[in-house]
Amino acid sequence: MRALEEYTVENKTTRVLIFDTAEEIAEFAADAVTYAIRRKPHLALGLATGSSPVPLYRKLIEKHRAGEVSFARVKTYNLDEYWLMDPASPLSFRGFMRENLFDHIDLPEASVHIPAGDAPDGEAEAVRYEAELAELGGVDIQILGIGSDGHIGFNEPGERFVYGTHVTALTEQTRRDNARFFNSVDEVPTHAITMGAGDIMRAKKCLLIATGKNKAEAIRKALLEDPTPACQASILQFHPNAVFLLDREAAGELEMKTEN
Ligand code: GLP
């Protein structure tokens, strides 16, 4: 699947690929992930939740069912989990991942790594998860979405980039953005345990998927303005191998570039 346009952000290593549709983005990303797993069957795959990665997960399930890829030796690490949240709840990110990927592929349960949403001590769980990630030394490919406020995982706009896995309070904007999965915004947890910016930057490769007009401003700030904790995704400008997979709407505030 070829992008409509492909270029490197000026003076950086970040690559931008613009596609016609979310489906084409998913096809491209699924090909990249499948190829990486074929080359490294015990690949460490960082996963995101939200709507943006769902078409990719659907394509990975299709490829698995077609016998094109096995996840038997893959390890997965999710960016975040609500806290407090029962991991058995369909509203948890673990429940989201089961419904949208895990229950449809041959990934062993023991290979799934997600912060425990029901851990009585959130900070202790964050330390535990960080130790797992530190031992791994960074995932091979980190799938990312982006919040309308530029957050990645649940690293919310703030005064600083937080290096390691930590407990974070969710902004009202983020709770509203995620309320569609709950009966009401009041039911959206107020906190989450999330990988920090350092964990994400340790990934060997980042694939950030963004579609729709509501992400255009966050994408412009993430790619074209000076990196700042006010737009957490902007730290990816310093990542050596970050690729933004965008549809036309999400790329709407990026001026046209010539391919280079
Ligand atoms: C949540 C998740 C993020 C995700 C963001 C955007 O906040 N914690 O990982 O990127 O939502 O979700 P969507 O892709 O549905 O716009």
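As a basis for the values below, the full set of heavy atoms in this structure was taken, side chains included, without hydrogen atoms, waters or symmetry mates. Everything quoted here is computed from the prediction, not taken from an experiment. Indexing begins at 1, ligand by ligand and atom by atom, following the structure's order.
Distances below 4.0 Å separate heavy atoms of Gly145 from the following atoms of ligand 1: 10 (O). Each of the following atoms of ligand 1 lies closer than 4.0 Å to a heavy atom of Ser51: 13 (P), 14 (O), 15 (O). Near Lys215, meaning under 4.0 Å from one of its heavy atoms, ligand 1 places the atoms 13 (P), 14 (O), 16 (O).
A pairwise comparison of heavy atoms in Ile37 and Ser70 identifies CG2-O, 3.5 Å as the closest pair. Listed here is the closest heavy atom pair of Leu107 and Val74: CD1-O, 3.3 Å.
Of all the heavy atoms of Ile146, the ones lying under 4.0 Å from any atom of ligand 1 belong exclusively to the backbone. For Asn178, every heavy-atom contact with ligand 1 shorter than 4.0 Å involves the side chain, none the backbone.
Contact annotation: Arg180 has at least one heavy atom less than 4.0 Å from an atom of ligand 1.
Looking only at protein heavy atoms, the nearest one to atom 3 (C) of ligand 1 is Gly153 O, 3.5 Å. Nearest protein heavy-atom contact of atom 12 (O) of ligand 1 is Gly50 CA, 3.9 Å. The protein non-hydrogen atom at the shortest distance from atom 14 (O) of ligand 1 is Ser52 OG, 2.6 Å. Closest protein heavy atom to atom 7 (O) of ligand 1: His151 NE2, 2.6 Å. For atom 8 (N) of ligand 1, the closest heavy atom belonging to the protein is Asp80 OD2, 2.8 Å. Of the protein's non-hydrogen atoms, the one nearest atom 4 (C) of ligand 1 is Thr49 O, 3.9 Å.
For Phe93 and Phe154, the ring centers sit closer than 6.0 Å to each other. Remark: aromatic rings of Phe161 and Phe238 are distant, center separation not under 6.0 Å.
For residues 18-30, the side-chain hydrogen bond (donor to acceptor under 3.5 Å, both in side chains) pairs, not counting sequence neighbours, are Asp20-Arg248, Glu23-Lys59, Glu27-Lys59.
Phe71 and His64 have perpendicular rings, their planes meeting at more than 60° on a 0 to 90° scale where under 30° would count as parallel.
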Could you list the donor-acceptor pairs under 3.5 angstrom formed by side chains in residues 114-126, with sequence neighbours left out?
unit_1: Asp121; atom_1: OD1; unit_2: Glu123; atom_2: N; d: 3.1
unit_1: Asp121; atom_1: OD1; unit_2: Ala124; atom_2: N; d: 3.0
unit_1: Glu125; atom_1: OE1; unit_2: Arg128; atom_2: NE; d: 2.8
unit_1: Glu125; atom_1: OE2; unit_2: Ala116; atom_2: N; d: 2.7
unit_1: Glu125; atom_1: OE2; unit_2: Arg128; atom_2: NE; d: 3.4
unit_1: Glu125; atom_1: OE2; unit_2: Arg128; atom_2: NH2; d: 2.7

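A distance-only check finds no donor-acceptor pair linking the side chain of Ser111 to the backbone of Lys75 [under 3.5 Å].
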